[in-house]
Amino acid sequence: MSDVDVKSRPKVAMQLNPGGWHEGGSSVEYLTHDWRLERPVVNLDKCVGCMYCWIYCPEPAIVLLDRESKGPSKVKVDYDHCKGCGICAQVCPTKAIDMVPEEVKV
């Protein structure tokens, strides 16, 4: 897990600029929630805390619910950084993560 304090950085909105340049940065700095088509939803009754979703997530979008727990910790999704790729749902051995359509913002 990264030691970067995301809250201390200003939020950076990624704007499409076809043919233009974007300032470099990491997935921690850039938020991805504006263009996601589907979002993963974790069913905590099925989650066994195996952390496969955390291992395979290409973004810092899987977060532990309880770091102090001595047993398996459940997970939640950081929707500010989730891009909706669905890898977490594909690798989950208990099928605890469902991909649902993102709500359209008007």
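The structure presented is a predicted model; accordingly, all values stated were derived computationally and were not measured.
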- What is the distance from atom CG of N43 to atom CG of D98, rounded to the nearest 0.5 Å? 7.0 Å

- I62 and V77, any side-chain heavy atoms less than 4.5 Å apart: yes

- At what distance, to the nearest 0.5 angstrom, does SG of C50 lie from CD1 of I55? 7.5 Å

- Pair L64-M51, side chain to side chain contact (heavy atoms under 4.5 Å, CB included): steps then yes or no: CA-CA 9 Å; L64 292 176; M51 303 301 295; 3.2 Å; yes

- Item | Separation between SG of C57 and CD1 of I87, rounded to the nearest 0.5 Å | 7.5 Å

- Message: Applying side chain to side chain contact (heavy atoms under 4.5 Å, CB included) to V75 and C47, what does each step give before you reach the verdict?
- Response: CA-CA 8 Å; V75 297; C47 179; 4.2 Å; yes

- Query: For E102 and L37, what are the C-alpha separation, side-chain angles and deciding distance, and is it a side chain to side chain contact (heavy atoms under 4.5 Å, CB included)?
  - Reply: CA-CA 5 Å; E102 185 69 49; L37 298 176; 5.6 Å; no

- Establish, for the pair R39 and Y79, whether the NZ or CZ atom is under 6.0 angstrom from the six-membered ring centre and no further than 45 degrees off its axis. yes

- Indicate yes or no: at least one non-hydrogen side-chain atom of Y56 is less than 4.5 angstrom from one of C88. no

- Task: Please list, chain by chain and in numerical order, all residues satisfying side-chain hydrogen bond (donor to acceptor under 3.5 Å, both in side chains) with K83, sequence neighbours excluded.
- Result: E59

- Query: After noting the C-alpha distance and the side-chain angles of L44 and V42, does the key distance pass the side chain to side chain contact (heavy atoms under 4.5 Å, CB included) rule?
  - Reply: CA-CA 6 Å; L44 296 178; V42 179; 3.8 Å; yes

- Item | Sidechain-backbone polar pair: T94 side chain, K46 backbone, donor-acceptor under 3.5 Å | yes

- Task: Using a cut-off of 6.0 Å, state whether more than 12 heavy atoms not belonging to K74 lie near its atom NZ.
- Result: yes

- Message: A side-chain contact here means heavy atoms from C-beta on lying under 4.5 Å apart; do M99 and V41 qualify?
- Response: no

- Query: So which heavy atom on S73 is nearest to which on L65, and how close?
  - Reply: OG-N, 3.9 Å

